[in-house]
Amino acid sequence: MTRNNPQTREWQALSNDHHLAPFSDFKQLKEKGPRIITHAKGVYLWDSEGNQILDGMAGLWCVAVGYGRDELADAASRQMRELPYYNLFFQTAHPPVLELSKVIADIAPQGMNHVFFTGSGSEGNDTMLRMVRHYWAIKGQPNKKVIISRKNGYHGSTVAGASLGGMTYMHEQGDLPIPGIVHIAQPYWFGEGGDMSPEAFGVWAADQLEAKILEIGVDNVGAFIAEPIQGAGGVIVPPDSYWPRVKEILAKYDILFVADEVICGFGRTGEWFGTDHFDLKPHMMTIAKGLTSGYIPMGGLIVRDDVVAVLNEGGDFNHGFTYSGHPVAAAVALENIRILRDEKIIERVHSETAPYLQKRLRELNDHPLVGEVRGVGLLGAIELVQDKATRKRYEGRGVGMICRQFCFDNGLIMRAVGDTMIIAPPLVISQAEIDELVAKARQCLDLTLSALQG
Ligand SMILES: *Cc1c(COP(=O)(O)O)cnc(C)c1O
């Protein structure tokens, strides 16, 4: 990267001297220096060198309404002047959190009318774990503690969140998972389906849930948590046979189903929630990211009425955060949802931009590096392979990282999960911007292929 702006070097020096960045190799980052993002508008970011970059990841999957919406800034500023903070602990409340609870109940699946707010998705899942165990204890079944999750799922980075997640590289640091959390196979046909057809593999992966429930004993299992579509794991869309079979299994056993909607929620699939897309009927849904379009941190847990009815009988729930339902975050979330509704952004994703993105992305299937293109709504994944027919990878070449770097250098943010390239652009992306995204993606695939051959 060429550095012409002297301020870039100053900021990088501050990074080296004082900042510890999340999910980073601290030493390597010092050598390379971070790219400094200075401002953004719509689907575009600008760095301190003046480069314009199409953000194919909506930040970290969150900037649903796009960058630079003054209404969100105004909502925050108005609320800060009116009531910048008050807590909800001691039998108090404030208008923004109450109005937001009602609006979320309106858009959530039927029968999900209550929300517990947190500061993040991880905290939403921590809340879930404690609420599930509290629920079963109230029902006189305190042994139903175990939460079943999936390998390569992502549920956050707190101790409970990382334990619920199935990222082994996260478990290796800090002696995770904590007790009472177990993982089953993920429905990742392209990577793990072997010789099975996608449909047969989907049934097999779903059956792992039943096998695990029977192994542990249904009297010890409290809940199953899953993302409708795994995001950070590589935009893994399960085979069509997966969710119907999981639903059958869940109906058979007395356990709770938690949908982690932190990525799929608020329109990503072209419906309000991923569970609407797959017609899942969860007891709880974790939310964050798109809730505020990332303009301010906020997460939460939406809880179904029958679960709330039990919790109502349990006395105090001894859990909460200083920033649960923060009034400024709630005001921003309300305005964000208003924009999503009034501008019919999700309807447009559903009928226009998602079908267009999915069609255009699949044109990349003809590229020699591409083994599969998949996606739903405004989520997409491109698998990079050495051999299309056998799905064989370029072992040990770090192809995903090579491609990601070419993207960055050519004005596109596309993330790499191993050798899977993933995208999740802002929901407001236009057809012309999708054309630009796909053209840049193809150009970067070409550059990656030449680098591999060179
Ligand atoms: C990002 C994410 C989380 C964690 O949210 P944070 O706000 O980073 O704590 C949880 N679940 C899923 C599916 C996510 O993508």
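We count ligands from 1, going down the list as the structure has it; atoms in each ligand are counted the same way. These numbers come from the heavy atoms of this one structure, side chains and all, not from hydrogens, waters or symmetry mates. We number each residue from 1, following the sequence as shown.
Using modelled atom types and a 3.5 Å distance limit, the side chains of Q405 and D409 yield a donor-acceptor pair. A donor-acceptor contact closer than 3.5 angstrom is absent between the side chains of Y154 and D260. Residues Y295 and E335 have side chains that never bring a donor and an acceptor to within less than 3.5 angstrom of each other.
Checked against the 6.0 Å centroid threshold, H319 and F116 count as a close aromatic pair. You'll find the ring centres of H171 and H183 inside the 6.0 Å limit. The distance between the ring centers of Y188 and F201 does not fall below 6.0 angstrom.
Of the protein's non-hydrogen atoms, the one nearest atom 12 (C) of ligand 1 is Y154 O, 3.3 Å. The protein atom (non-hydrogen) at minimum distance from atom 11 (N) of ligand 1 is D260 OD2, 2.8 Å.
When each atom of ligand 1 is checked for a heavy atom of S122 under 4.0 Å away, the hits are 4 (C), 5 (O), 6 (P), 9 (O). Remark: ligand 1 atoms within the under-4.0 Å shell around heavy atoms of G121 are 4 (C), 5 (O), 6 (P), 7 (O), 9 (O). Per-residue contacts place I263 under 4.0 angstrom from the following atoms of ligand 1 (heavy atoms of the residue considered): 15 (O). With ligand atoms numbered from 1 in the order given, ligand 1 contributes 7 (O), 9 (O) to contacts under 4.0 Å with heavy atoms of S120. Short contacts between ligand 1 and H155, defined as distances under 4.0 Å to a heavy atom of the residue, involve ligand atoms 10 (C), 11 (N).
Contact annotation: for E227 versus ligand 1, heavy atoms closer than 4.0 Å belong to the side chain alone.
Atom CD of E82 sits in a sparse spot, with 12 or fewer heavy atoms from other residues, nucleotides or ligands closer than 6.0 Å.
For ligand 1, none of its N or O atoms has an N or O atom of E123 under 3.5 Å away.
A heavy-atom separation below 4.0 Å is found between K289 and ligand 1.
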